[in-house]
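For clarity, every value in this text was computed on a predicted model and none was experimentally measured. Here is how names work: the chains are called A, B, and so on, in the same order as the sequence lines, proteins then strands, and each is numbered from 1.
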Amino acid sequence: MALLVFLGRLADVAGAGQRAVEPGPLAEVLTTLPPALAIALLDERVRIALNGELVSEPEAIMLEPGDELAFLPPVSGG
Amino acid sequence: MALLVFLGRLADVAGAGQRAVEPGPLAEVLTTLPPALAIALLDERVRIALNGELVSEPEAIMLEPGDELAFLPPVSGG
Amino acid sequence: MIDVRLLDQSFNPGQLAGLFSQAHPGLGGVCTFVGEVRGEGGVEALELSHYAPLTLPGMKALAQRAAVRFDLMGILIVHRTGVMLPGEPIVCVSAAASHRRAAIDATDFVMDHLKSDSWFWKREKKGAGWTWIEPRGDDYAAKERW
Amino acid sequence: MIDVRLLDQSFNPGQLAGLFSQAHPGLGGVCTFVGEVRGEGGVEALELSHYAPLTLPGMKALAQRAAVRFDLMGILIVHRTGVMLPGEPIVCVSAAASHRRAAIDATDFVMDHLKSDSWFWKREKKGAGWTWIEPRGDDYAAKERW
C-alpha cells in the first residue's frame, strides 16, 4: 500500500488526515477517491510532496508500495 | 552666579563638567573663558539649552542669576 | 548558533531568548520577536498543524538563509504546533549580530518568510466550531519586500 | 503602557521585557531589541553621559511618538548611563502591538532615533585612555528612512 496525507482543510474534505491506497499512477489512484476529494486535491494551488520532497510535475507520479504522498494546500497567513 | 554646563568632549576642553560664571549677555560671558574653550563652544554644531530648553538664537541669550546654560556637542553614533 | 525548534507544548519565549542571548558573548545587538495568540473576535483556541517531513527542514533552511544573508552570530526560531489558547506564544524569533541593523532586519525577514513560506496550517475555534484560516495577500506582499 | 527609564546601574533586559510583555495581555506581537557593549577592538569600557533636563524628556517624547505612529499597545525604552563593561546591556526597546509589523517597525524606528536624536555622549576606554565617539553619518541616514 501507499499513503496519501492530507493537510489543512483537505483533511476535512477527506474526513481523515491520511488514507492508504493501492500503488499505481497518481491519475489512477485519484479515480478511486470520492470525487469531491479528488477535485479538491487537483486544485492548482495544492502542492504535492512525494516522500518529503516537493514534486514539480505531479502528473508523472507513480506511487510505489510504501510511498507517502502529501497534499499541501496554501498555508495560512496571519 | 549662573552655571555653564559642558557635555561630551566639551567637558574635557573645559577641564570640568560645569563652571560658575557672572550673569550677563552670553557674548560677554564667553570673553571671560579661556579662548580655546570659547572657540569650542562657538562651534556651529554645538547646540545650546537654557534651563533645559533648546535655544534657537543663542546670540540673544542674557544670563540671569541662577540660569543654567548647557553646551551640547553632536551626540555619539554607534 | 542556529537553533530551530518545533514544539507541541507551551514554552517560555523569554527564557529561550535569554539563553540564546547568553550563548553569544560579544554580540552588539539582539532582536527578538514573539507572536502570541490573540483572543480578539471571540477566538477561543488556535490549532496549527504541520507536515513533519517539510516543516522543520523548511524552518532550518530559512534560519540558514537568514544567518548568511545578515551575517548573524546566531538565530533562534521556535514555533508551536497543536492547540493554543489566547495569550500563548506561537512563535519566537531571535537574531544576534554585531550590529543592530542586521539583528532587526533578520528578525523581520524571518517573520515575513515564516508567515508565507512555512508549512503551517491554522484553524481557529469560535463558539460554533473550527474554521481554517486562509492565506492573506499581504503576507505575500510582505515577503516581496526582500 | 509607556515605560521609559534612564538607569545608572546594570539591568536585566530579559526581566524588564518579560514584565513589559506580561503587562499587555491580548497583544499579537512584541518585538524587543537589546544592545550590548561590544568588546571588539580592545574596548575595555564604555561611558555614556547625558544631560538630565533633556535626555529623559527626549526619550519620553520619542516613546510617545512611536506609540501614536505605530498604534502600539505599549512601548518600553530603557537606556543605561555611566560606565559599562563589554557584554553589559546599554539599551532595551520593546514594542507591543496587535500586529507584528507595527511591533517590529516601532522597535526599528525607536532605535534609529535613539541613536541619532538622543542626548547621549559616549566615550570608550582602550589601553591608553578614554576617547570620545564621534557622530556617524550612517546614523543620520538611518533616521532619514522614516
Student: Identify the residue among C:Asp108, C:Asp112, C:Val93 that makes a side-chain contact (heavy atoms from CB on, under 4.5 Å) with D:Ile104.
Tutor: C:Asp108

Student: How long is the gap from CZ on C:Arg38 to NE2 on D:His99, to the nearest 0.5 Å?
Tutor: 4.5 Å

Student: For the interface with chain D, which of C:Gly26, C:Cys31, C:Gly14, C:Ala96 has the highest count of heavy-atom pairs at distances below 4.5 Å?
Tutor: C:Cys31

Student: Flag the one option from C:Ser98, C:Gly87, C:Gly39 with the top tally of heavy-atom pairs under 4.5 Å to chain D.
Tutor: C:Ser98

Student: What's the separation between atom NZ in C:Lys115 and atom CZ in D:Arg101, rounded to the nearest 0.5 Å?
Tutor: 11.0 Å

Student: Can you check whether D:Gly35's main-chain N or O pairs, donor with acceptor, with C:Arg100's side chain at less than 3.5 Å?
Tutor: no

Student: Most heavy-atom pairs under 4.5 angstrom with chain D, which of C:Pro86, C:Gly18, C:Gly28?
Tutor: C:Gly28

Student: Does any heavy atom of chain C fall under 4.5 Å from the side chain of D:Ala17, the backbone, both, or neither of them?
Tutor: neither

Student: For C:Phe33 versus D:Gly29, what's the shortest heavy-atom pair and its separation?
Tutor: CZ-CA, 3.6 Å

Student: C:Asp105, C:Thr32, C:Asn12: which one forms the most heavy-atom pairs within less than 4.5 Å of chain D?
Tutor: C:Thr32

Student: Is chain C contacted by the side chain of D:Ser21, its backbone, both, or neither, given a heavy-atom distance below 4.5 Å?
Tutor: side chain

Student: Quick check on D:Lys60: does its NZ atom have over 12 non-hydrogen neighbours (other residues, nucleotides or ligands) under 6.0 Å away?
Tutor: no

